[in-house]
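Read the structure below first, then the notes.
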Amino acid sequence: MITSMERLRAAVNGTPADRIPVFCNLLDQGAKELGLDLESYYTSGEHVAEAQLRMLRKYGHDNVWSLFYVGKEAELLGCKQILFASEGPPNVLDFVIRTLEDIDALEVPERLEEHPAFTEQTRCFEILRHEIGGTVPICSYISSSMTIPAMLMGMERWLELLLLGPVEKRDLLIAKCHEFFVREVQACRAAGADIIVYANPFGSTDFVPMNIFTSLSLPWIIRDIQAIGPAGVVYYCGMARMNDVIATVREQTGLGAYYVSPLDDLAEAKQMIGTQGLTCGVINDIRLIEWTPDEIRQEVKRMMATGMPGGHFLFGTGVMPYCIPEANIRTMLDAAYEYGQWLH
Amino acid sequence: MIDRVLTAFNEAIFDTDRERALRVIREAEQEGIPPEDIVFKVVVPSIHIMMKSTSERRTPSIAQHFVAAQIASEVTETMVSRFARSPEIIGRVVIGTSVGDMHGLGKRIVSGCLKALMIEVIDLGLNVPAERFVDEAVAQNADVIGVSSMMVHTARGPSAALGVRKILKDRALERRIKLAVGGAPYRFDHDLYRTVGADAWAEDGIIAGTVISALIKEARQ
């Protein structure tokens, strides 16, 4: 029987498989699975790994996550307070950078794997690797050099610094975050990550205009990707659109896989990426909360009809909201398995 | 002459070039353009041009909205202090992010834009409970409550817009105080504003200027 890893490789290489790979990004749902509140759930790598494995068995999709919550990156850089919610992802409550001087003082941990905030993630990787290593892709979510500052000082103040300066402080902060980014990728790969989801809203022209993308975002994207290599890396703009930049990013970095926004024109993305890479079509999972089963099936069918011709296609979700009814998750996945089959 | 100033100011804003935009305003002042014209014939039209761009799907980025709102607010504040007569405030808004939400960017863009449109803004900050939105709106005699949420659970939660709606209803304030919402989840589900009991939503911070202006008119009818 074909494994999820083989299915993914087949999609990347354009070789035969039973169906396309289906990535379903279930994070906070793990707490529900174990009957825990989110704060207790995220204290333990064993919880996260166990829930990822349970959900994999329950739904049969093709990926698992080592990610706890995005604010973990801020914790690795000194954040002491996370605001947990009862029904959604935690928020960073304590900003590490409050003044421009804090940027000078920011220290990037030398060995992340020894950092207390990484310990539980290591445990999660160990269990996942032991149970499904090599057969199901283990995904890690890593924020880009330009994105990490938003978690350290808040998006509002980061955008102010990014756009209005002082330039030397901005560049120093991105440089430190680049150093952190590289170490985080290295640590996750060493622990067992197969796929790095390179998260970068600043790599979308929904976030910055093309002149800033070209002059600032792109050079840092190139540096980030050169430092870690493009293999196994997926370009993701945090659900913001990317069609405007796919050709440039591909040409400049060699990245092959693009996790396009539900707001992008999927047909256009597929045409640009073609058979040279992997187009990841992403369903608007916020609508999954209230869509009827028929609406869900129709949307999955539409996406498959758009993305599958010629192969090199993956069906995926965003970071699935906690409140999506389980029946709707099942309906979406059943439709993806049905319409995503290759008829030989 | 004013058209030339508007074009130059607008180009600077679209290029997210704050220094150039402020230089255009300084030069306009030196050329003798009165502060009232700078606000009402340059700053406000530039916001309308950005709104039009959004509605025509040329869609300026968040960074362009941010710079536009920031500069509009700064210039308006400086110019208003030099007006021959105090301008008429067209309405009052209390604004904040919903409980559990620490994302203040959208709120800041909206606030900057509203100030330039002569709408008074009372910013309640981040992580604001429903009761506080309503209490402050009543205390400040506001026409509109604006609730910004960047995450699904902070948009749909019972203590966010839904909670505000309930309190407005319980206290019979629905005719007097209108409720507007905005933030990422609303862009992915255009009917969500109805689900959470809001009167209107705005796709972005600049469009929020139009939406809130309309709600103020409605509240004052």
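Because only heavy atoms are used, hydrogens play no part in the values below, and waters and symmetry mates are left out as well, while side chains stay in. Letters A, B, ... are given to chains in the order of the sequence lines, protein chains preceding strands, and every chain is numbered from 1.
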Out of A/N91, A/L164, A/L162, return the one with the most heavy atom pairs under 4.5 angstrom to chain B. A/N91
Most contacts with chain B, counted as non-hydrogen pairs under 4.5 angstrom, among A/T205, A/D285, A/N211, A/L263: A/L263
Any side-chain to backbone donor/acceptor pair from B/D189 onto A/I286? Under 3.5 Å, distance only. no
Minimum side-chain heavy-atom gap B/H103-B/S148 below 4.5 Å: no
Which one wins on heavy-atom pair count under 4.5 Å against chain B: A/M239, A/E160, A/M155? A/E160
Between A/I289 and B/V152, is the side-chain contact (heavy atoms from CB on, under 4.5 Å) condition met? List the steps. CA-CA 10 Å; A/I289 300 166; B/V152 171; 3.8 Å; yes
Students often mix this up, so state it plainly: with edges at 30° and 60°, are the rings of B/F40 and B/F83 parallel, tilted or perpendicular? tilted
Side chain, backbone, both or neither: which part of A/P321 has a non-hydrogen atom closer than 4.5 Å to chain B? side chain
Quick check on the interface: out of B/D17, B/T195, B/N127, who has the most heavy-atom pairs with chain A under 4.5 Å? B/T195
Largest heavy-atom contact set with chain A, pairs under 4.5 Å, which of B/G104, B/G157, B/P185: B/G104
Please lay out, stage by stage, how B/D143 and B/L215 fare under the test side-chain contact (heavy atoms from CB on, under 4.5 Å). CA-CA 8 Å; B/D143 307 285; B/L215 286 180; over 6 Å; no
B/M102 versus chain A, heavy atoms under 4.5 Å apart: side chain, backbone, both or neither? both
Run the side-chain contact (heavy atoms from CB on, under 4.5 Å) check on B/V196 and B/Y186 step by step: do they pass? CA-CA 10 Å; B/V196 301; B/Y186 300 99; 3.6 Å; yes
Need one label for A/F207: side chain, backbone, both or neither, based on atoms under 4.5 Å from any heavy atom in chain B. both
Between A/E75 and A/Y69, is the side-chain contact (heavy atoms from CB on, under 4.5 Å) condition met? List the steps. CA-CA 10 Å; A/E75 289 182 282; A/Y69 47 86; 2.6 Å; yes
If I measure from the heavy atoms of chain B, does A/P201 come under 4.5 Å with its side chain, its backbone, both, or neither? neither
If we define contacts as heavy-atom pairs under 4.5 Å, which of A/L159, A/V92, A/L93, A/L83 has the most with chain B? A/L159
With a 4.5 Å cut-off on heavy-atom pairs, point out which of B/R156, B/Q70, B/M151 contacts chain A the most. B/R156
Would you call the rings of A/Y141 and A/Y236 parallel, tilted or perpendicular, taking 30° and 60° as the class edges? perpendicular
Cut-off 4.5 Å, heavy atoms of chain A, and the answer for B/F66 is side chain
Polar side-chain atom of A/T317 near backbone of A/M320 as donor-acceptor pair, under 3.5 Å: no
Name the region of B/E19, side chain, backbone, both or neither, that has any atom closer than 4.5 Å to a heavy atom of chain A. neither
Can you say whether B/T154 sits under 4.5 Å from chain A via the side chain, the backbone, both, or neither, judging by heavy atoms? neither
